Amino acid sequence: MKVLSVFGTRPEAIKMAPLLKKLEEIDAFKSVVCVTAQHRQMLDQVLRRFHIQPDYDLNLMRTGQTLPVITTHIVNGLTDIIGKEKPHIVLVHGDTTTSMVAALTAFYQRVPVGHVEAGLRSFHRYSPFPEEINRTLTSRLATLHFAPTETNRENLKREGITENVFVVGNTVIDALARMTRSGFTFRDKHLRALDFEQGRWILVTAHRRENIGEPLERICRAVRRIVSTYPDVQVVFPVHLNPAVREKIFASLEGCERILLMEPVEVEDMYSLIKRVHMVLTDSGGIQEEASALGTPVVILRSRTERPEAVEAGKAILAGSDEEKVFAEASYLLENEAAHARMSEPIPLYGDGMASDRIADILLSYAREKGLPYKKARP
Ligand code: UD1
Ligand code: UDP
């Protein structure tokens, strides 16, 4: 079975990596990888760590790129590759513009699409933007839906999508299992120099398009207030490479005492950071999942989330981007030890680390059903 996997950004690469490794292990698959490189440095950082060598690289990232430009470049670049490779199935992940457009391009050539991380919904078309609509469209285009949780399956059902929906867990937990080990020391020398035994550390990340501008300024003000109110608190903030994000964050926080702004860190360093800090403040999707698996409380810098499981389980708090609210929620966790302890128990909400195995099995069954070239998996 020839499987063409298409992805382009950091989180897609992290979450597709364990599945690509699984496909490589099984003789029945011919795995072909195409990266759009919607991200460049942040994608390459992940490809290196997981030893992934793409067969095709559309190399499309431009500084300050717009959604229409990414969209048209992906359609143009990928059409030829799908035409040449003639895969039995195209796999896409999640909700980026790469995912949605790759699914559309495959559909135009009548190639079935498998959607990894299907069924997440915030039920608001502009939050997150454009991800909510990207993933909804991808669901309409896909043939196989690999949903991380039962909630995700229910979301698809509400949209009338009930066939070929499989609850498999999130491959992010597979990636965590691959990339975390005891006795790990940071790869980054700046991180190695930090003393996590001294005081309390907070990890911050922010990059969502709907937070760029005034919301990001409010978030930064809240971070400054947290640090000035709690003298034992230190912040580590790996800054996304989007220039619009960097400009605001550096303008607001550069040079502030006890706030360390960093370049994007390697994924194992990130996992180790999440594990060691007192709490995480983030608008990231993937980090919400990782933090609940690693047992670190999260203050979500968004007004709604498509990952409600952690909020419902009391492991994450929705704070949005209001300065007062972000400050209040972080203060609550800094001052209330019992609440912090309750939120710090790791909980397997998003999977058990076997999602890639399940997806590979389902693909093999699909190949059998469709009479595609099929060989039994190596034991
Ligand atoms: C994209 C995804 C978002 C995902 C995020 C993960 C879309 C529309 N957005 O958002 O869903 O959560 O990735 O991080 O698909 N840049 C670099 N180097 C890099 C990466 C980005 O310089 O390695 C800069 C470039 O100037 C680029 C800009 O960041 O133009 C924005 O990148 P883009 O992929 O358009 O949007 P993100 O906000 O990263
Ligand atoms: N991540 C990383 N280095 C960083 C920041 C994030 O490796 O400096 C990882 C993080 O652990 C998670 C993924 O990147 O696995 C999340 O990416 P991002 O927040 O950019 O996107 P989202 O998940 O919101 O789509």
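FYI, side chains are in, hydrogens and waters are out, and symmetry mates aren't considered; it's all heavy atoms of this structure. Counting convention: from 1, in listed order, for ligands and their atoms alike. For clarity, every value in this text was computed on a predicted model and none was experimentally measured.
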For [atom], what's the nearest protein heavy-atom neighbour? Residue, atom name and distance, please.
{"atom": "atom 11 (O) of ligand 2", "value": "Glu290 OE1, 2.7 Å"}
{"atom": "atom 24 (O) of ligand 2", "value": "Gly285 N, 2.8 Å"}
{"atom": "atom 20 (O) of ligand 2", "value": "Arg10 NH2, 2.8 Å"}
{"atom": "atom 21 (O) of ligand 2", "value": "Pro11 CG, 3.4 Å"}
{"atom": "atom 23 (O) of ligand 2", "value": "Gly286 N, 2.8 Å"}
{"atom": "atom 8 (O) of ligand 2", "value": "Val265 N, 2.9 Å"}
{"atom": "atom 16 (C) of ligand 2", "value": "Ser284 OG, 3.6 Å"}

Give the ring-plane orientation class for Tyr126 versus Phe129, where under 30° counts as parallel, over 60° as perpendicular and anything between as tilted.
tilted
Hey, which atoms in ligand 2 end up nearer than 4.0 Å to a heavy atom of [X]?
{"X": "Val267", "result": "7 (O)"}
{"X": "Pro264", "result": "8 (O)"}
{"X": "His207", "result": "18 (P), 19 (O), 20 (O), 21 (O), 22 (P), 24 (O)"}
{"X": "Pro238", "result": "8 (O)"}

Salt bridge check: are [X] and [Y] linked by an N-O gap of less than 4.0 Å?
{"X": "Glu263", "Y": "Arg246", "value": "yes"}
{"X": "Arg40", "Y": "Asp57", "value": "yes"}
{"X": "Asp174", "Y": "Arg358", "value": "no"}
{"X": "Arg135", "Y": "Glu132", "value": "yes"}
{"X": "Glu85", "Y": "Lys30", "value": "no"}
{"X": "Arg187", "Y": "Asp269", "value": "no"}

[X], portion touching ligand 2 at heavy-atom distance under 4.0 Å:
{"X": "Met42", "value": "neither"}
{"X": "Ile14", "value": "side chain"}
{"X": "Met262", "value": "neither"}
{"X": "Gln45", "value": "neither"}

Assess the pair Phe196 and Phe186: is the distance between their ring centroids shorter than 6.0 Å?
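Ring-ring flag for Phe196/Phe186: true, centres closer than 6.0 Å.
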Might you confirm whether atom CZ of Arg192 has over 12 heavy atoms from other residues, nucleotides or ligands at distances under 6.0 Å?
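Counting neighbours around CZ of Arg192, more than 12 heavy atoms of other residues, nucleotides or ligands fall under 6.0 Å, so yes.
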Might you work through the side chain to side chain donor-acceptor pair (under 3.5 Å) test for Ser99 and Thr96, ending with a clear yes or no?
CA-CA 5 Å; Ser99 326; Thr96 68; 2.8 Å; yes
Arg121 pairs by salt bridge (charged side-chain N to carboxylate O under 4.0 Å, His left out) with which of Glu306, Glu154, Glu159?
Glu159
For Arg208 and ligand 2, answer yes if some heavy atom of the residue is under 4.0 Å from a ligand atom, otherwise no.
yes
I'd like to know whether ligand 2 has Thr205 as a neighbour, heavy-atom separation below 4.0 Å.
no
Report all protein residues having a heavy-atom distance below 4.0 Å to some atom of ligand 1; order the list by chain, then number.
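Ligand 1 pocket, heavy atoms under 4.0 Å: Thr9, Pro11, Gln38, His39, Arg40, Gln41, Met42, Met61, Arg62, Thr63, Gly64, Gln65, Leu67, Ile70, Thr96, Thr97, Pro130, Glu131, His207, Arg208, Arg209, His240, Leu241, Asn242, Pro243.
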Any heavy-atom pair between the side chains of Gln234 and Leu260 that's under 4.5 Å?
no
Evaluate side chain to side chain donor-acceptor pair (under 3.5 Å) for Arg218 paired with Ser321, printing each intermediate quantity in order.
CA-CA 6 Å; Arg218 293 196 296 267; Ser321 63; 2.9 Å; yes
With respect to Ile274, determine whether any N or O atom, backbone or side chain, lies less than 3.5 Å from an N or O atom of ligand 2.
no
Just to verify, what does Lys275 make a side-chain contact (heavy atoms from CB on, under 4.5 Å) with, not counting sequence neighbours?
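Applying side-chain contact (heavy atoms from CB on, under 4.5 Å) to Lys275 gives Leu294.
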Verdict with supporting geometry, Glu323 and Arg224, salt bridge (charged side-chain N to carboxylate O under 4.0 Å, His left out):
CA-CA 10 Å; Glu323 180 187 336; Arg224 284 208 309 264; over 6 Å; no
